[in-house]
Novice: 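Below is the structure I would like to discuss, written out as structure tokens.
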Amino acid sequence: MARAIAGATVSFGLVSIPVKLFAATQASAGVSFNLLHKKCNSRLKQQYICPTDNEIVSRDDMVKGYEFSKDQYVTFTPDELKALEEKATGSIDIAEFVPLAAIDPVYFDRPYYLGPEKGGDKAYLLLAEAMRESGRAALARYAARGKQYLVMLRPTLDGRALVLQQLLYADEVRPLTEVPLPDGEVREPELKLAKQLIDQIASETFDPTQYRDDVRDRIQADIEKKVQGQDITEAAEPTAEPARIIDLMAALKASLGKGKATGAAPAPAASEEPASSRRSAQKSATAAAAEPKRARKR
């Protein structure tokens, strides 16, 4: 059973919904390594050294500072740092509802599940279903852990639950204008083939269980070999092919042909056969059919 990490109140209009926050993600069984002393395999401890005095500094002799200019710091006492923190209110006040599709996923940060507290079931389900049917998400502010967060509330696909998605602020996302983008227009024949290729390998649902971290699995298998006393060797690196300028239409057609070879449904022809070719084919078929008759007359 999941364990709540915090409690809060979602408010919109005069409606208040007591909720509990649950972590929606968990640290994957990521492979991590510790630093050891090569001589005795003891785990090393981290220490801080002052480069000016060339001595180890204990925690009691440390202060926090803010660099306001190059190598110029203003220091803060623990009480001053506490005064800077945003006071947690436990309130998630909805400021507006916007179309869910209007929020670019580039702003998405950490997600949390929201569950209703006792007495909030009816209002919780009502808000989730209303947002699902309207296709909208809620934007709100939430103060916790000394900070203020911009958050989005969105319903799950079935409208039975709410997800709180922590968002990045605008100044935390780099503008797309910093990225060099191509000029030009898309040609209709190429667009048609590209859409056929998309349809050829398209799915209507997302099943995350179909995807695994193969690299993590391989590393853990190698670690197990090492635990059993076996040596592991480096696999040969695949040879990277240099980037090539290709004929886009030819590559699209070849991709569609590859899909048909692997059992995919045949894609519709990109263009109709010329009328002259069809007439020639019909004449050839007629002549072939008449050939046995002439042979019988002989």
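By convention here, the first residue in the shown sequence is residue 1.
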Novice: For atom CG of Leu14, is the number of surrounding heavy atoms from other residues, nucleotides or ligands below 6.0 Å larger than 12?
Specialist: no

Novice: Looking at Arg212 and Asp217, is there a salt bridge between them, counting it only when a charged N and a carboxylate O are closer than 4.0 Å?
Specialist: yes

Novice: Enumerate the salt bridge (charged side-chain N to carboxylate O under 4.0 Å, His left out) contacts for residues 177-187, please, sequence neighbours excluded, ordered by first and then second residue.
Specialist: Arg187-Glu190

Novice: Please give the remaining members of the hydrophobic cluster of Val186, linking ILVMFWY side chains under 4.5 Å, ordered by chain and number.
Specialist: Leu191

Novice: Rounded to the nearest 0.5 Å, what separates atom CD in Glu86 from atom OG1 in Thr89?
Specialist: 7.5 Å

Novice: So, does Gln210 use its side chain to make a donor-acceptor pair with the main chain of Asp207 at under 3.5 Å?
Specialist: no

Novice: Residues two or more places apart in sequence or in another chain: which of them pass side-chain hydrogen bond (donor to acceptor under 3.5 Å, both in side chains) with Gln228?
Specialist: Glu224

Novice: Among all residues two or more places apart in sequence or in another chain, which pass the side-chain contact (heavy atoms from CB on, under 4.5 Å) test with Glu133?
Specialist: Glu129

Novice: Please name the pair of heavy atoms, one in Asn34 and one in Arg43, separated by the smallest distance, quoted to 0.1 Å.
Specialist: OD1-NH2, 3.2 Å

Novice: Are there over 12 heavy-atom neighbours, none belonging to Lys82, within less than 6.0 Å of that residue's NZ?
Specialist: no

Novice: Mind checking whether Ile94 and Leu150 sit in one hydrophobic cluster, side chains of I, L, V, M, F, W, Y counted as touching below 4.5 Å?
Specialist: no

Novice: Residues in side-chain contact (heavy atoms from CB on, under 4.5 Å) with Ile198, at least two apart?
Specialist: none

Novice: Enumerate donor-acceptor pairs with a distance under 3.5 Å from any side-chain N or O in residues 51-70 to protein atoms, sequence neighbours excluded.
Specialist:
{"unit_1": "Ser58", "atom_1": "OG", "unit_2": "Asp61", "atom_2": "OD2", "d": "3.3"}
{"unit_1": "Glu67", "atom_1": "OE2", "unit_2": "Asp71", "atom_2": "N", "d": "2.9"}

Novice: List the residues meeting side-chain contact (heavy atoms from CB on, under 4.5 Å) with Asp199, not counting sequence neighbours, and say none if there are none.
Specialist: none

Novice: Who else is in Phe206's hydrophobic cluster (ILVMFWY, side-chain heavy atoms under 4.5 Å, direct or via others)?
Specialist: Tyr211

Novice: Considering non-hydrogen atoms only, spot the tightest contact between Ala138 and Met131 and give its length.
Specialist: N-SD, 3.8 Å

Novice: Ile201: what forms a side-chain contact (heavy atoms from CB on, under 4.5 Å) with it, not counting sequence neighbours?
Specialist: none

Novice: Return the set of residues passing salt bridge (Lys or Arg N to Asp or Glu O under 4.0 Å) with Arg218 (not counting sequence neighbours), or none when no residue passes.
Specialist: Asp222

Novice: Arg3: what forms a salt bridge (Lys or Arg N to Asp or Glu O under 4.0 Å) with it, not counting sequence neighbours?
Specialist: none

Novice: Counting only pairs under 3.5 Å, give me each side-chain donor-acceptor contact of residues 159-168, with atom names and distances, residues two or more places apart or in other chains.
Specialist:
{"unit_1": "Gln165", "atom_1": "NE2", "unit_2": "Asp109", "atom_2": "O", "d": "3.0"}
{"unit_1": "Gln166", "atom_1": "NE2", "unit_2": "Asp109", "atom_2": "OD2", "d": "3.4"}

Novice: Which heavy-atom pair separates Ser16 from Thr9 by the least distance, and what is that distance?
Specialist: CB-CG2, 3.8 Å

